[in-house]
Every structure is written in structure tokens, then in C-alpha cells.
Amino acid sequence: MQRREFLNLLAIASASGAALNSRDLLAATNAQRMYDLPRFGNVHFLHMTDCHAQLKPIYFREPNVNLGFGSAFNKAPHLVGEHLLREFGVRRGSREAHAFTFLDFEAAAKTYGKVGGFAHLATLVKQMKASRPGALLLDGGDTWQGSATALWTNGQDMVDACLALGVDVMTAHWEFTLGAKRVQEIIEKDFKGKVDFIAQNVKTTDFEDLVFKPYTLREMNGVPIAIIGQAFPYTPIANPRYFTPEWSFGIREDDMQKTINEVRSKGAQVVVLLSHNGMDVDLKLASRVRGLDAILGGHTHDGVPGAIPVKNAGGTTLVTNAGSNSKFLGVLDFDVNNGKIADFRYKLLPVFSNLLAADPAMDALITKIRAPFESKLSETLATTDAMLYRRGNFNGTFDQLILDALMETKQTEIAFSPGFRWGTSLRSGQAITREHVMDQTATTYSYTTVSEMSGEMIKTVLEDIADNLFNPDPYYQQGGDMVRVGGLQYAIDPLGAQGRRISDMRLKGQPIDAAKIYKVAGWAPVSEAARDAKTEPVWDVVETWLKSKKRVTARRVNQPKILNTQGNQGIA
Amino acid sequence: MQRRVVIKTGGSLAMIAAAISAGVLPQSAFASWNKNAFDAKNLNDVVKAMGGSTAEKSGDIAITAPDIAENGAVVPIAVASKLANTESIAILVEKNPSSLAAQFDIPGGTEANVGTRVKMGQSSNVHAVVKAGGKYYVATKEVKVTLGGCGG
């Protein structure tokens with residue numbers, strides 16, 4: 001038996017509750033191996049995405065439901081648990097298995113500790129930059145939103161942290177929910193001469209002029225390279241349009257091809273797309289445009305261990321997705337000889353906070369950023385009996401908690417909570433602090449709503465969102481998860497046609513009446529009318545509810561009946 | 001003078017199309033108004049009202065439109081035709097109460113590339129019907145209109 005296998009067995013034994021105090025030993029040995037990534041080739045990209053403003057180490061449970069159909073059936077990223085491990089040759093019980101899957105989450109989280117944190121990420125970035133001269137750090141966006149401090153500082157905490165981390169190039173999505181003015185202010189003031197903010201697919205609504213630089217041309221170790229930016233194509237649909245009323249987004253495939261041709265004609269020998277499309281959109285885009293060597297993707301929060309090669313008329317494009325919550329750093333190396341890519345290496349490195357020492361400068365910056373808010377952030381509101389998490393196609397325990405709080409506080413029988421993919425996880429027995437509640441709810445439009453909706457309207461809403469998730473054509477998907485539903489039971493057939501996926505809607509066993517009016521609580525409305533109503537923010541509702549409970553028992557998670565999942569490796 | 005001002009005063013195809021749909025052009029502009037075509041409810045009826053019988057699918061017509069509309073009230077649709085002797089381009093929204101949204105006559109020697117904004121109440125196929133060399137051709141693209149929210 002090799003030492004590595006023995007150590008993994010120790011880890012499993014420890015994870016399953018055996019009394020082994022092996023953490024220090026594991027940390028010392030596996031750390032070197034995990035981050036010992038020798039330089040390959042001469043063109044290097046470091047890729048982080050969707051950190052959702054998580055500056056401190058956190059827990060994050062990967063999904064056990066991430067269904068794919070059609071061309072996505074049983075293919076990455078629509079593989080969960082054992083299926084993902086098998087596809088990428090990751091050993092069960094290993095640290096990597098914990099990073100990439102939900103398997104044994106509670107026990108493994110206890111053994112392996114927290115993930116992410118900018119101070120630990122900074123150490124890893126420095127290590128990779130030291131071994132890879134000229135390497136660029138690319139940020140795929142969803143960086144300035146997702147935490148209390150990002151909301152309270154209007155994104156400034158993350159802007160400062162990203163500058164300290166050494167981000168070179170970025171594109172965006174949730175950044176836009178700070179409003180167009182604020183985004184432009186950061187680009188023109190803080191980022192000027194330091195960070196290239198790029199997007200080829202954001203144009204003015206009047207004359208379709210580009211709002212941002214579409215790409216950046218650089219030279220790395222003598223090789224001319226180009227990075228093209230792609231912001232989230234459906235920002236004004238998935239989020240309130242009033243934040244960016246004069247900007248239009250979209251996938252803009254034709255413009256993408258023109259942009260690739262342009263940078264190639266300017267001599268770029270390596271062309272990568274820094275994308276916030278979501279992985280399914282990226283996979284389709286890669287099959288249709290020519291001349292991209294890689295798409296470094298985000299948005300769908302898929303921690304995919306490998307790069308997926310996609311064939312197209314121009315050759316092959318590698319597609320990656322680098323997870324969320326500062327939990328991973330993607331490292332893509334190209335070996336370029338005589339103007340041609342000879343070979344590549346890709347590794348998605350998990351950021352284990354207890355394996356990577358905190359970078360002192362970044363640690364000090366984070367402490368300084370948090371200082372004015374620390375007592376507010378750390379206040380305990382309740383403790384949880386059971387693990388709390390959000391991620392998954394249909395519901396999570398933390399979403400159920402929010403739904404329960406909404407229904408009890410607003411006295412409704414039904415509640416909706418948006419299918420966001422950000423939001424950290426808590427282990428059983430952990431204190432729920434104000435910071436944790438903000439991790440789930442901190443947006444610039446988290447107003448609560450109570451609406452009177454007919455049964456027919458409720459069905460329309462569910463159908464509409466189901467299509468955003470399960471439309472067979474990825475270009476018609478938006479990349480979030482299904483709206484979380486409290487009170488109401490339903491069945492969903494992801495293979496059904498648009499408008500015909502939802503059936504058997506019931507409330508306390510009784511079929512929903514299409515004509516009857518129901519009271520529905522919700523939050524994060526996208527309309528201007530809802531904004532102007534200035535209702536109570538959802539974090540206040542959840543906080544009041546938590547304080548009244550003091551101890552939160554295990555939630556009974558309301559999951560729909562999911563049809564046609566036989567043989568689907570995206571559910572466990 | 002800024003470009004915006006020039007276009008506002010000078011007009012462009014897209015602006016004229018918008019003006020037609022808003023009903024602000026003088027009556028003379030409607031000299032060739034094809035009432036039957038604008039009253040028609042589907043692709044076949046529109047083609048018939050325009051004087052054709054059927055429209056043949058063509059890969060030489062490119063529709064530029066969003067996959068998902070950002071605002072159903074003003075959905076930008078552009079059509080370019082590479083068909084020789086393109087005489088007219090019509091834009092149809094299948095599920096709108098009246099399908100035909102705009103019809104452009106393309107005088108000889110003009111680049112067959114037009115754009116406008118249409119109103120859409122629900123997800124629908126959008127057809128571009130091109131008359132070229134006396135025959136009718138069509139290309140189709142789905143544009144989704146959604147309630148929004150819940151992304152990422």
C-alpha cells in the first residue's frame with residue numbers, strides 16, 4: 001500500500017467518525033502534493049470566477065441534483081457525486097472528492113475544514129504566478145456581490161481585495177446590480193491602468209455601441225495572446241433591468257466570431273474567452289464559433305475537474321468552469337511553439353484553507369475591511385440542528401428556511417425564493433450569524449413581496465422558470481436553478497415542452513384551482529414597481545424569524561416530484 | 001453636430017419603421033399600405049396577401065434578434081438578405097394578434113439589410129419573408145419572452 005492511499009484511508013476513517021487525530025499529518029503531506037503543479041509550456045492563465053464576495057473561508061456543498069438532458073445528458077457538468085468522481089478519476093473519500101462533490105459532506109467538511117478565503121487564495125495565486133512567469137489572473141465575475149460587506153461597501157471591499165490579489169482581466173454579471181454608474185466609476189477610477197474590464201456583448205440600446213473594451217491583447221513570454229470578454233448575456237432579464245437601462249446584452253454569436261477574427265488578424269496566437277455565459281451555453285458556443293483555444297467559464301458554478309474539448313469547424317476549443325465561492329483556482333497552461341499550440345495542461349485546484357497559509361497582507365486587508373462591521377457580522381441569531389445549504393436544481397435546506405420564515409411571517413400558504421446558486425453552507429450545530437443570512441440574501445433588490453396570484457398565474461411562473469432551466473437549447477437557458485417553492489407541491493417533467501412541464505400542483509393535498517386567488521410571499525422582484533414599494537428586506541424577515549426560534553430544527557425540504565430522471569447521472 | 005442628432009433629424013430605415021408603427025408619418029407614406037397583409041394572422045396568409053403562394057426556406061436570409069428578449073415592448077429585429085434581386089423584406093411575429101410587423105421595399109441597388117423594433121407579448125417564432133426575383137423565401141428564429149428573475 002502506498003503512503004498516499006494509506007493517508008486517504010485515514011481520511012475516510014476520520015470522516016466516518018473514527019477517533020483519529022490525523023489532520024495535521026494530512027495537511028502537511030497532501031498540501032505539497034495538491035499544489036505541487038510544475039510549470040508547463042509558456043502561456044499561463046489563472047482563472048477564478050463567481051466568488052460572490054466571499055473573502056473569508058467558508059463551507060460550500062456541491063449539488064446532488066444538477067440535471068442535464070439532450071446533448072447535456074450524463075455529460076459534465078451534469079454529473080453529481082459518484083458519477084462525477086468516475087468521469088474524472090477522482091478517488092472517493094479523498095480531499096478532491098470532497099471539493100468536487102456533496103458526498104459525505106458533513107463528515108468530510110469536519111475533516112478537511114473550510115474552503116476558499118481570499119487570504120488563502122492569494123497564497124495560491126502567488127505560488128502559481130511565481131512558478132509561471134507572465135501568468136495572468138482572470139476573474140470571470142460575480143465578484144462584487146454575495147456578502148454583507150460587499151453590499152454595505154457598494155462593492156468597494158471586493159474591488160480593493162481584487163486589486164490586492166492581482167486580478168489582471170475581468171468580466172461581469174452581478175456587478176451590474178450595483179448600477180451602471182457604479183460599475184463605470186470603478187472601471188475609470190479604481191481599475192484604471194490595473195484591471196481590464198472586458199465584454200464584447202454589452203452594447204448601448206440606442207446605437208449598439210460597445211460599452212466596454214471587447215478584448216485585451218497582451219504578450220506573454222514572447223507569445224501574442226488575446227482575451228475576449230463575455231458578460232452574462234441575460235443580465236437585464238435575470239436581474240432588474242433598471243440597473244442598466246441603457247445597456248443591451250445577449251450572446252451575440254456573430255459579433256463573437258468577428259471579434260475572434262479581429263484578434264487573430266492582429267496576430268494573437270492564443271485566444272481565450274473569459275465567459276460568464278454558463279457552461280451549457282459555453283459548450284454550445286464552442287461548437288459553433290471558430291478560433292477560440294479555450295473558454296474559461298463561470299456563472300453556473302460548476303466545479304468541473306477537467307477541460308472539456310469541443311470540436312468545431314476551426315479545430316478544438318477547451319471549455320472549463322471553475323466553481324464558486326473562491327473555492328477553486330483554475331490553472332491553464334499552453335505550450336506554444338512557432339505560433340501554434342502544441343499541447344496544454346488544465347487543473348482546477350481546490351482552495352483548502354488549512355492547507356494554504358493565509359497571505360499576511362491580504363489577511364490584514366480583509367481584517368481592516370471587516371473591522372467596522374465585525375460585531376454586526378458575527379452576531380449569532382440562532383443555531384441550526386441540521387446542515388444548511390442552497391445549491392441544487394430544486395431546493396436546499398437554507399432556501400427552505402427562508403421559505404418557512406416568509407410563510408410564517410407574512411402569513412401565506414405559498415412562498416417563492418429565487419433559484420440563486422450562490423450562498424454558503426453551514427454544518428449541523430453551527431451558529432447562524434447575521435453574516436450567514438446575508439450570504440444567502442445580499443442583493444441590491446432583496447425586497448419582500450406578498451402577491452395575490454391566481455392558480456393559473458402560479459403555473460405560468462413555474463413554467464417560465466422551468467423553461468429557463470430546461471429548454472433543450474442552452475441559448476434559451478438563463479443558468480439559475482428552479483424557483484424554490486414553499487407550501488405548494490408539484491410535479492415537473494424536464495423533458496416536457498415549453499409550458500407543459502408542470503403538473504399536479506397541490507396545496508395541502510388539494511389540487512390548485514386555476515381561477516382561485518392565492519397569497520404568495522417572495523423576494524428579489526425585478527420590477528420597478530416592486531422597488532418603489534420599498535418593502536422590508538428579506539434579511540430582516542429571516543433574522544426576526546431566527547431570533548424567535550433560537551434553535552432551528554431540521555427543515556422538511558419541499559421537493560417537487562421530478563419525472564423522467566431514469567438513468568440520469570445528474571441526480572443522486 | 002453629434003451623430004445622434006443627425007440621425008434624429010435625418011431619419012434612418014429603423015427610425016422610419018418605428019415611426020410607421022407609431023403612426024406618426026403623414027398619410028402619403030401609406031400609399032402602398034397593404035391592409036390585407038397587416039391584418040393577416042399567420043405566415044401563409046401574409047405571403048398570400050403579399051401576392052405569393054408559399055415561401056421557400058432559405059439559408060441566405062439572416063435574422064439578428066435576441067434569443068431571449070430583454071424587453072418585450074421593444075425587441076430589436078434585423079434582417080439581411082443575400083438573395084439576388086431582393087425586392088422586399090417583411091418581418092412577422094407569429095403569435096402577435098397581427099403577424100406582420102413591418103414590410104420594407106428594397107429599391108434596386110440598395111443593400112438588403114433592415115432593422116426595426118417590434119412588440120411581443122409572448123414567446124414566438126419570428127419570420128423574415130423576402131421577395132426576390134418574384135419568388136418568396138423565409139427564415140425563422142424563436143424569440144423567447146420571459147417573466148425574468150431568478151438568474152445565477
Side-chain angles (χ1 to χ4, degrees), chain A residues 50 52 142 173-174 205-209 232-241 244-245 247-254 276 278 298-301 416-422 460-461 464-465 467-469 471 473-484 498-499 522 524-527, chain B residues 1-15 17-18 59-80 82 94-95 113-118 120-126 128 139-152:
Chain A
D50 297 82
H52 283 282
D142 281 6
H173 165 204
W174 274 91
T205 50
D206 52 6
F207 293 108
E208 303 217 314
D209 292 326
F232 176 49
Y234 297 126
T235 302
I237 302 161
N239 307 100
R241 187 153 47 89
T244 51
W247 297 348
S248 177
F249 295 67
I251 294 170
R252 300 185 189 266
E253 194 184 88
D254 293 345
H276 206 97
H299 184 55
T300 37
H301 294 194
F416 287 167
S417 186
F420 295 136
R421 292 188 173 191
W422 41 273
T460 302
V461 169
D464 202 68
I465 299 165
D467 194 64
N468 289 339
L469 187 56
N471 191 299
D473 183 342
Y475 280 13
Y476 293 91
Q477 299 170 2
Q478 286 177 29
D481 278 313
M482 187 66 187
V483 62
R484 281 62 171 119
Q498 203 169 327
V526 295
S527 78
Chain B
M1 187 187 272
Q2 292 195 340
R3 185 175 60 157
R4 174 184 300 228
V5 182
V6 176
I7 293 180
K8 272 204 174 144
T9 48
S12 69
L13 269 185
M15 293 299 282
D60 288 325
I61 306 168
I63 303 178
T64 305
D67 299 302
I68 308 179
E70 293 180 353
N71 179 358
V74 278
V75 183
I77 312 264
V79 179
K82 281 193 239 164
E94 194 173 275
K95 289 194 181 164
N113 189 343
V114 301
T116 185
R117 285 161 195 233
V118 302
M120 295 180 64
Q122 58 179 311
S123 299
S124 169
N125 278 331
V126 171
T140 301
K141 176 179 171 64
E142 186 192 356
V143 175
K144 204 164 112 170
V145 179
T146 130
L147 298 169
C150 287

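Below, read A as the first sequence line, B as the second, and so on, with proteins coming before strands; counting in each chain starts at 1. Small disclaimer: the values here were computed from a predicted structure and weren't measured.
- Rounded to the nearest 0.5 angstrom, B:T146 OG1 and A:Y234 OH are separated by 10.5 Å.
- For the atom pair NZ of B:K144 and CD of A:Q478, the computed distance is 6.5 Å after rounding to the nearest 0.5 Å.
- The two residues B:E70 and A:G250 have their closest heavy-atom pair at OE2-N, 3.9 Å.
- Atom-to-atom distance recorded for B:S123:OG and A:N471:CG is 9.0 Å, nearest 0.5 angstrom.
- The most heavy-atom pairs under 4.5 Å with chain A, out of B:V74, B:D67, B:T64, come from B:D67.
- Of the two parts of A:Q498, only the side chain, counted from C-beta on, holds a non-hydrogen atom closer than 4.5 Å to a non-hydrogen atom of chain B.
- The side-chain heavy atoms of A:D473 and B:E142, taken from C-beta on, include no pair separated by under 4.5 Å.
- With a 4.5 angstrom heavy-atom cutoff, A:P240 does not touch chain B via any of its atoms.
- When the options A:N468, A:D464, A:I465 are evaluated for a side chain to side chain contact (heavy atoms under 4.5 Å, CB included) with B:L147, the one that passes is A:D464.
- Considering all non-hydrogen atoms of both residues, B:R117 and A:T205 come closest at NH2-O, 2.8 Å.
- For A:F249, the parts lying near chain B are the backbone and the side chain together; criterion is any non-hydrogen pair under 4.5 Å.
- Residue contact with chain A, scored on non-hydrogen atoms closer than 4.5 Å, involves the backbone of B:A69 exclusively.
- With a 4.5 Å cut-off on non-hydrogen atoms, A:S248 touches chain B through its backbone and its side chain both.
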